[in-house]
Amino acid sequence: MIRLGTTSYIIPDAIIPNVRFLSGKVQDVELVLFESKEASNLPTAQEIQTLALLARQGDLTYTVHFPLDVWPGAADETLRRTAVETYLRIIRLTDPLPVFSYVLHLTPEAWGAVPSTDMDRWLSQLDRSLQELTGESGVDPSRFCAETLSYPFSLVLPLVRRHHLSVTLDIGHIWLMGYDAGRAARQLLPAARIIHIHGVRDGKDHRSLADGDPRLVDAFLSQVVRQEAQDGVDRVVTIEVFGQEKFFSSKPLLEKPLRRILAPTRHEHGDD
């Protein structure tokens, strides 16, 4: 079944008010976490307890998006190890929550089709970080979902398979970069536990799906339905947008084509 989700930043407020707002509207909330010297939105222990309560009340799961500003493929060992320690700290922090899976960026050193000017070193450092993450976390590696970013995913697919990870198939990024979306879906959907979808137009992503190319959207959702019929794997489809208008204009465009494979909301299975 598909659990329909969206981000923890739909209304202009903090994470908990967003989860309250989204309860009953989705089955999963992507906790978009960030941490830097200037700002952090990592929940406190008390806030984690509130998120756990809201999940029970709303029959919600969470997908945890690790912070972006970490560098698991960095040449600098301090930076690389900091990335691993950040992941481990987030895992411990969110342990009381019903976490569906974790969204992991194998962060490029440059945005675009070529992620590093030293591919051998970058891949070797990523390999080391993934070995430490899977070895030290105690988490089933398949719950770490490496996300499709700007570079061809084939560059890191051997690492994903070697460490038994899953995939976050961000089809919006595939559309943005002009890669073959049909081929990407055929190759990656079987290993995908999380799907990110958002509209792309005029070189900009994370728009409403209503702004996207309806032929691309329809073709992709048909592939999702076929994949679910083949393997029956539980997945989360996240409408990865930020803002009420984008969320509410996108949601119906998913509910109709996916209606036969969507998990019921709490209201629909009569718990209210």
Side-chain angles (χ1 to χ4, degrees), residues 2-70 82-83 85-105 107 133 137 139 143-145 147 149 168 170 172-173 193-198 205-209 235-251 254 263 265-267 271-272:
I2 295 292
R3 297 181 69 82
L4 190 61
T6 192
T7 71
S8 56
Y9 285 104
I10 294 303
I11 60 173
D13 209 327
I15 289 177
I16 288 176
N18 269 275
V19 173
R20 286 199 175 100
F21 175 78
L22 291 168
S23 184
K25 300 180 177 69
V26 294
Q27 293 87 44
D28 183 273
V29 177
E30 180 187 31
L31 300 180
V32 182
L33 302 180
F34 61 86
E35 183 181 42
S36 68
K37 292 180 181 178
E38 294 76 25
S40 168
N41 74 340
L42 298 189
T44 65
Q46 184 174 358
E47 289 170 333
I48 287 290
Q49 295 306 317
T50 301
L51 289 171
L53 175 62
L54 291 173
R56 290 194 296 273
Q57 292 174 339
D59 195 17
L60 288 169
T61 56
Y62 296 107
T63 46
V64 175
H65 198 308
F66 288 130
L68 299 179
D69 293 332
V70 293
T82 296
E85 290 175 353
T86 299
Y87 303 148
L88 295 174
R89 188 157 43 85
I90 298 293
I91 291 167
R92 289 192 296 270
L93 175 68
T94 57
D95 184 63
L97 301 179
V99 175
F100 183 86
S101 284
Y102 302 88
V103 180
L104 174 66
H105 280 198
T107 313
L133 173 61
S137 66
V139 174
R143 296 179 66 211
F144 297 124
C145 301
E147 182 172 347
L149 300 172
T168 296
D170 190 318
H173 291 164
R193 285 178 57 84
I194 302 173
I195 295 165
H196 288 173
I197 191 165
H198 42 96
D205 57 356
H206 300 287
R207 305 176 70 124
S208 166
L209 267 186
R235 295 181 172 88
V236 165
V237 174
T238 301
I239 306 168
E240 202 175 45
V241 297
F242 305 91
Q244 291 189 63
E245 189 280 331
K246 292 178 182 177
F247 170 66
F248 284 116
S249 58
S250 298
K251 189 167 179 265
L254 290 175
T265 63
R266 183 170 180 268
H267 175 73
D271 291 342
D272 282 338

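Here the CG atom belonging to Leu97 is positioned 8.0 Å from the CD atom belonging to Gln49, to the nearest 0.5 angstrom. Here CG of Asp170 is found 12.5 Å from SG of Cys145. Values are rounded to the nearest 0.5 Å. With rounding to the nearest 0.5 angstrom, the CZ atom of Arg235 is 11.5 Å from the CD1 atom of Ile194. Atom CG of residue Leu149 and atom OG1 of residue Thr107 lie 7.0 Å apart, to the nearest 0.5 angstrom. One finds the NE2 atom of His65 at 12.0 Å from the CD1 atom of Ile90 (value rounded to the nearest 0.5 Å). Asp28 CG to Thr238 OG1: the interatomic distance, rounded to the nearest 0.5 Å, is 5.5 Å.
Judged by distance alone, the side chain of Thr168 and the main-chain N or O of Ile195 form no donor-acceptor pair under 3.5 Å. Not a single donor-acceptor pair under 3.5 Å links the side chain of Asp13 to the backbone N or O of Asn18. Judged purely by atom type and a 3.5 angstrom limit, Thr86 uses its side chain to pair as donor or acceptor with the backbone of Thr82. A distance-only check finds a donor-acceptor pair linking the side chain of Gln27 to the backbone of Leu4 [under 3.5 Å].
For the pair Asp205/Glu240, no side-chain contact is recorded, criterion being any heavy-atom separation below 4.5 Å from C-beta on. By the 4.5 Å heavy-atom criterion applied to side chains, Thr94 and Tyr62 are not counted as neighbours. Here the side chains of Leu133 and Leu88 are in contact, with some heavy-atom distance below 4.5 Å. Contact annotation: the side chain of Thr50 approaches that of Arg20 to within less than 4.5 Å [non-hydrogen atoms, C-beta and beyond].
Closest non-hydrogen pair, Pro67 versus Phe34, comes out as CB-CA, 4.2 Å. The heavy-atom pair separating Leu60 from Pro98 by the smallest distance is O-CG, 3.6 Å.
Taking the six-membered ring where tryptophan is involved, the planes of His206 and His198 are essentially parallel, since the angle between them stays under 30° and well short of 60°. Taking the six-membered ring where tryptophan is involved, the planes of Phe248 and Phe21 are perpendicular, since the angle between them exceeds 60° and thus also 30°.
Pro43 pairs with exactly one of Ile16, Leu33, Leu31 by the side chain to side chain contact (heavy atoms under 4.5 Å, CB included) rule, that one being Leu33.
Residues Tyr9 and Phe242 keep their aromatic ring centres 6.0 Å or farther apart.
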